[in-house]
Amino acid sequence: LVNRYPTLILEHKADGKTLCGTTSESCELVTAFGVFVYLKPLCTFGYFKEMIRVCKPGGHIIFDCYLSEEWSLKVLDAWLASGNLYPILLTRGLILDFFKRENCTCVKEFRGRHGADRSDYFVFRKDISENFPK
């Protein structure tokens with residue numbers, strides 16, 4: 001994409017922990033799809049913090065993950081049968097509490113097909129505080 005759209009796409013080196021190449025509050029949309037389904041939870045929440053940091057007030061953060069609340073024995077069996085043993089399960093409550101504490105509002109949740117079952121998508125809006133112009 002960088003080669004095809006050099007004036008639209010800015011490439012940053014990844015360090016595997018942060019979004020250090022991205023300026024704070026510089027993005028209107030921050031997305032990650034198929035990433036947090038296999039990262040360890042503490043690494044995931046570190047990235048959530050970084051996504052919030054780089055998102056402009058009023059901007060949106062969208063990602064997917066696997067929620068433990070959505071798993072059942074049927075889902076477990078499907079994953080075991082698939083041979084893919086990478087899924088990491090997170091909890092909806094902790095995600096919602098974390099983003100709320102960081103001044104973000106969940107504006108949408110939905111499920112989409114992924115792997116042997118489905119992943120759960122969250123859309124958060126970084127709230128505009130009174131310290132920022134609206």
Side-chain angles (χ1 to χ4, degrees):
L1 287 177
V2 172
N3 292 331
R4 187 166 182 172
Y5 304 103
T7 61
L8 298 175
I9 305 293
L10 182 61
E11 181 180 25
H12 294 291
K13 298 282 184 199
D15 67 6
K17 299 176 196 162
T18 68
L19 301 173
C20 62
T22 306
T23 305
S24 294
E25 298 185 345
S26 63
C27 302
E28 292 180 15
L29 177 63
V30 185
T31 63
F33 301 115
V35 176
F36 305 128
V37 297
Y38 65 87
L39 289 183
K40 293 177 182 178
L42 289 177
C43 186
T44 293
F45 279 90
Y47 270 115
F48 289 167
K49 204 163 188 60
E50 283 289 279
M51 293 170 87
I52 294 164
R53 178 185 65 78
V54 303
C55 188
K56 288 182 178 180
H60 290 83
I61 298 165
I62 307 171
F63 60 88
D64 70 323
C65 62
Y66 296 126
L67 294 176
S68 61
E69 298 90 342
E70 301 299 334
W71 277 46
S72 64
L73 290 175
K74 181 180 176 184
V75 174
L76 176 67
D77 289 343
W79 276 101
L80 289 172
S82 77
N84 293 312
L85 304 177
Y86 64 85
I88 297 292
L89 305 180
L90 301 173
T91 62
R92 174 182 280 109
L94 186 57
I95 292 169
L96 294 174
D97 288 347
F98 180 83
F99 277 89
K100 182 178 181 180
R101 183 188 72 191
E102 300 296 323
N103 201 31
C104 295
T105 300
C106 184
V107 295
K108 182 79 174 166
E109 289 183 57
F110 60 95
R111 301 195 83 207
R113 189 99 179 108
H114 190 265
D117 188 53
R118 298 180 183 275
S119 64
D120 294 272
Y121 290 79
F122 287 89
V123 179
F124 286 96
R125 182 185 63 247
K126 185 174 179 180
D127 295 331
I128 300 172
S129 74
E130 293 181 18
N131 297 330
F132 297 100
K134 292 185 179 182

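Values below: all heavy atoms of this structure, side chains included; hydrogens, waters and symmetry mates excluded.
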Exercise for the section: Assign the ring pair F98 / F45 to parallel, tilted or perpendicular, where the plane angle (0 to 90°) is split at 30° and 60°. Expected result: perpendicular

Problem - Pairs satisfying salt bridge (charged side-chain N to carboxylate O under 4.0 Å, His left out), at least one member in residues 77-95, at least two apart - result: E70-R92, R92-E109

Exercise for the section: Give a yes or no on whether the backbone of F48 and the side-chain of R53 come within a donor-acceptor separation of less than 3.5 Å. Expected result: no

Problem - Within-4.5 Å side-chain heavy-atom neighbours: F122 and I95 - result: yes

Fill in the blank from the handout: Residues S119 and D64: closest non-hydrogen pair is OG-OD2, 2.9 Å

Practice task
Work out which heavy atom in S26 is nearest to a heavy atom in T22; give both atom names and the distance.
Solution key: OG-CG2, 3.5 Å

Problem - Y47 side-chain N/O to G16 backbone N/O, donor-acceptor pair under 3.5 Å - result: yes

Exercise for the section: Could you grab the distance from atom CG of L80 to atom CG of N84, nearest 0.5 Å is fine? Expected result: 10.5 Å

Problem - Donor-acceptor contact below 3.5 Å, side chain S72 vs main chain V75 - result: yes

Practice task
Identify whether V35 and I62 are in the same connected component of the hydrophobic contact network (ILVMFWY, side-chain heavy atoms under 4.5 Å).
Solution key: no

Exercise for the section: Decide whether M51 and I128 are clustered together by the hydrophobic rule: side chain heavy atoms of Ile, Leu, Val, Met, Phe, Trp, Tyr closer than 4.5 Å, transitively. Expected result: no

Exercise for the section: State the CD-SG distance between E50 and C20, to the nearest 0.5 angstrom. Expected result: 7.5 Å

Problem - Flag if over 12 foreign heavy atoms under 6.0 Å of CD, E69 - result: yes

Problem - Partner residues of A116 under the side chain to side chain contact (heavy atoms under 4.5 Å, CB included) criterion, sequence neighbours left out - result: A78, W79, S82

Handout entry: Side-chain heavy atoms of L90 within contact of T44, under 4.5 Å
Key = yes

Handout entry: Pair F33 and H114, ring centroids less than 6.0 Å apart
Key = no

Handout entry: Side-chain heavy-atom pair Y86, Y66 within 4.5 angstrom cut-off
Key = yes

Problem - Where at least one partner belongs to residues 94-106, residue pairs that pass salt bridge (charged side-chain N to carboxylate O under 4.0 Å, His left out), sequence neighbours excluded - result: K49-E102

Exercise for the section: Please step through side-chain contact (heavy atoms from CB on, under 4.5 Å) for the pair T31 and F63, ending with a clear verdict. Expected result: CA-CA 6 Å; T31 63; F63 60 88; over 6 Å; no

Handout entry: Verify same cluster id: L42, L39 (apolar side-chain graph, 4.5 Å)
Key = no

Exercise for the section: Please state whether the rings of F124 and F99 are parallel, tilted or perpendicular, taking 30° and 60° as the class boundaries. Expected result: parallel

Handout entry: Connected via hydrophobic side-chain network under 4.5 Å: L96 and V107
Key = no

Problem - Heavy atoms from other residues, nucleotides or ligands near CG of L29 exceed 12 (cutoff 6.0 Å) - result: yes

Practice task
Would you indicate whether the side-chain heavy atoms of T91 and L67 approach each other to under 4.5 Å?
Solution key: no

Problem - Sidechain N-carboxylate O distance under 4.0 Å for K56, E25 - result: no

Practice task
Answer yes or no: does atom CZ of R113 have more than 12 heavy-atom neighbours from other residues, nucleotides or ligands under 6.0 Å?
Solution key: yes

Exercise for the section: Quick one: list whatever passes side chain to side chain contact (heavy atoms under 4.5 Å, CB included) with C55, sequence neighbours left out. Expected result: V30, I61, K126

Exercise for the section: Report yes if the side chains of I88 and P41 come closer than 4.5 Å at any heavy-atom pair, otherwise no. Expected result: yes

Practice task
Just jot down the side chain to side chain contact (heavy atoms under 4.5 Å, CB included) partners of N103, sequence neighbours excluded, or say none.
Solution key: D127, S129

Practice task
Please identify each residue that fulfils side chain to side chain contact (heavy atoms under 4.5 Å, CB included) with F110, with sequence neighbours left out.
Solution key: K108, Y121, V123

